[in-house]
Amino acid sequence: MVETIEWTPQGVVMIDQTRLPLHEEYVTCRNYQEVATAIRDMIIRGAPAIGVAAAMGVAIGVQHASEADLDAQVDAICETLAKTRPTAVNLFWAIDRMKRRYTALRGKPLAEVRERLIQEAQLVREEDIAINRAIGRHGAALVPDHKTVLTHCNAGALATAGYGTALGVIRAARESGKQIDVFADETRPFLQGARLTVWELQQDGIPTTLITDNMAGHFMKSGRIGCVVVGADRIAGNGDVANKIGTYSVAVLAKENGVPFFVAAPVSTLDLQLASGGQIPIEQRAAAEVTHVCGHRVAPEGTAVENPAFDVTPARYVTAIITENGVARAPYEESLKKMVG
Ligand code: MRU
């Protein structure tokens, strides 16, 4: 399986997700500013992968920090990383975790602080893979056998440290012997489905059919979709789910057609302090992502554009939320709290 992100002596190495599937290239971020740029420019993307990148960003930042005013430097590193993308809560979760680790190391020699922060960032990465395997185990039982699973965006190995959340459920279902195949929404405007999900599933030999986003309803209505499994960028206390733009439409279509709609996400994606999805900040991205496809202009010059990168699916459309600690169902106010423990 593909390595999404790795800590190396040279720096933080990531597969460049803006270049896939035509070019398999790796980027080495040699300082925290380069990690921040990689997150903002979506060289690395997907909520858990962004979290791992941020943790490694803090660690690499401290490798270059000096003894004097170390606290202030750590604050500046964390602030820069926190400003990259607003919606995926895993970013802030990972920065907080690294900051707590740093605080616990106060007073230790700088060389030891540096080493321990590298270890912590690597732990965030390793834990993420284990968490995704656990999500897969819980989710595999929910996937109907001999059916097609529809997914939106890319919630796979590329969006995590490995294995994936939504695609982890699909992988685990197949590993358990279920005969399932996948329909991947292309996921305009950034084409995570067409470029990343199809590429990633092809590597694993999982039969995958690409459809454009506007075809999902047609295939649900004609009985071709057994269930939907998507990832999440942030889940509010009431079970409202922020995920890639277009997820809401898929969820409404699923409910209308009696198709189960599952969300697979680690507990680090839960933001239970938020009462509802209306409080989740939605990232607005550049107009060029909409006016252009893979660098080629498809709309006239001067076209007015809106480009929200995420939408919020109300909890009433969500059949279940699959986490590493089990499966939560409505009422989510209670069941999600139990997932956190
Ligand atoms: O803008 P992106 O590509 O970072 O958005 C990714 C998604 O919306 C994913 O579905 C989500 O982060 C879950 S990834 C396991």
Side-chain angles (χ1 to χ4, degrees), residues 2 4-5 14-18 20 38-54 84-94 125 128-129 131-136 139 150-172 184-197 199-201 213 228-235 241-251 261-271 277 280-286 289-290 307-313 318 321-324:
V2 61
T4 308
I5 178 165
M14 307 167 184
I15 190 164
D16 186 345
Q17 302 195 32
T18 65
L20 286 170
I39 297 172
R40 198 171 29 244
D41 294 350
M42 293 174 69
I43 286 169
I44 189 154
R45 34 66 48 202
I50 290 171
V52 176
T84 50
R85 297 192 73 190
T87 303
V89 76
N90 307 62
L91 176 81
F92 309 100
W93 170 88
R125 177 182 177 278
D128 186 59
I129 299 171
I131 285 167
N132 294 335
R133 293 222 171 242
I135 290 172
L150 175 74
T151 191
H152 189 74
C153 193
N154 171 268
L158 289 167
T160 62
Y163 202 69
T165 56
L167 298 194
V169 169
I170 289 165
R171 287 193 166 100
D185 279 347
E186 68 170 348
T187 319
R188 271 284 282 155
F190 206 71
L191 299 173
Q192 288 95 331
R195 295 191 304 105
L196 307 177
T197 296
W199 181 79
E200 179 181 327
L201 292 178
D213 299 329
V228 179
V229 188
V230 297
D233 287 84
R234 199 186 289 227
I235 301 174
V241 174
N243 191 48
K244 181 52 52 195
I245 192 73
T247 302
Y248 169 51
S249 319
V250 174
F261 180 89
F262 299 119
V263 175
V267 163
S268 56
T269 302
L270 303 179
D271 192 355
I280 298 174
I282 300 294
E283 177 182 10
Q284 308 292 322
R285 290 191 65 88
E289 289 181 1
V290 178
N307 187 14
F310 302 94
D311 59 26
V312 174
T313 299
V318 179
I321 297 174
I322 306 157
T323 77
E324 67 272 33

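When a ligand or atom number is given, it counts from 1 through the structure's own listing order. Count residues from 1 along the sequence.
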Ligand 1 atoms in contact with M42 (distance to a heavy atom under 4.0 Å): 1 (O), 2 (P), 3 (O)
P48 touching ligand 1 at heavy-atom level, < 4.0 angstrom: yes
Check: T18 main-chain N/O paired with D16 side-chain donor or acceptor under 3.5 Å: yes
A47 neighbourhood, listing ligand 1 atoms whose heavy-atom distance to it stays under 4.0 Å: 12 (O), 14 (S)
Polar atom proximity, H152 to ligand 1 (N or O, under 3.5 Å): no
Nitrogen or oxygen atoms of I50 and ligand 1 under 3.5 Å apart: no
Pi-cation contact, F190 with R45 (under 6.0 Å, within 45°): no
Heavy-atom check, side chain of T269 versus side chain of D233, under 4.5 Å: no
Short side-chain donor-acceptor distance under 3.5 Å, N307 and Q284: no
Q192: numbered ligand 1 atoms lying under 4.0 Å from its heavy atoms: 1 (O), 2 (P), 3 (O)
Contact atoms of ligand 1, heavy-atom distance to T165 under 4.0 Å: 15 (C)
R188 and E186 ion-paired at < 4.0 Å: no
N154, any N or O under 3.5 Å of ligand 1 N or O: no
N/O separation below 3.5 Å, K244 to ligand 1: yes
Numbered atoms of ligand 1 (with element) below 4.0 Å of A159, judged on heavy atoms: 14 (S), 15 (C)
Donor + acceptor pair across side chains of N132, T165 (<3.5 Å): no
Contact atoms of ligand 1, heavy-atom distance to N243 under 4.0 Å: 7 (C), 8 (O), 9 (C), 10 (O), 11 (C)
Residues R40, E283: salt bridge by 4.0 Å N-O rule: no
Backbone or side-chain N or O of G46 under 3.5 Å from ligand 1 N or O: yes
Flag, side chain of R234 to backbone of T87, donor-acceptor distance under 3.5 Å: yes
Proximity to ligand 1 by part of C153, non-hydrogen separation under 4.0 Å: side chain
Expected output: side-chain D128 to main-chain T160 donor-acceptor under 3.5 Å: no
Residue-ligand contact A309/ligand 1, heavy atom below 4.0 Å: no
Sub-4.0 Å heavy-atom approach of F310 to ligand 1: yes
Which residue and heavy atom of the protein sit nearest atom 11 (C) of ligand 1, plus the separation: D233 OD1, 3.2 Å
Any N/O pair R85/ligand 1 closer than 3.5 Å: yes
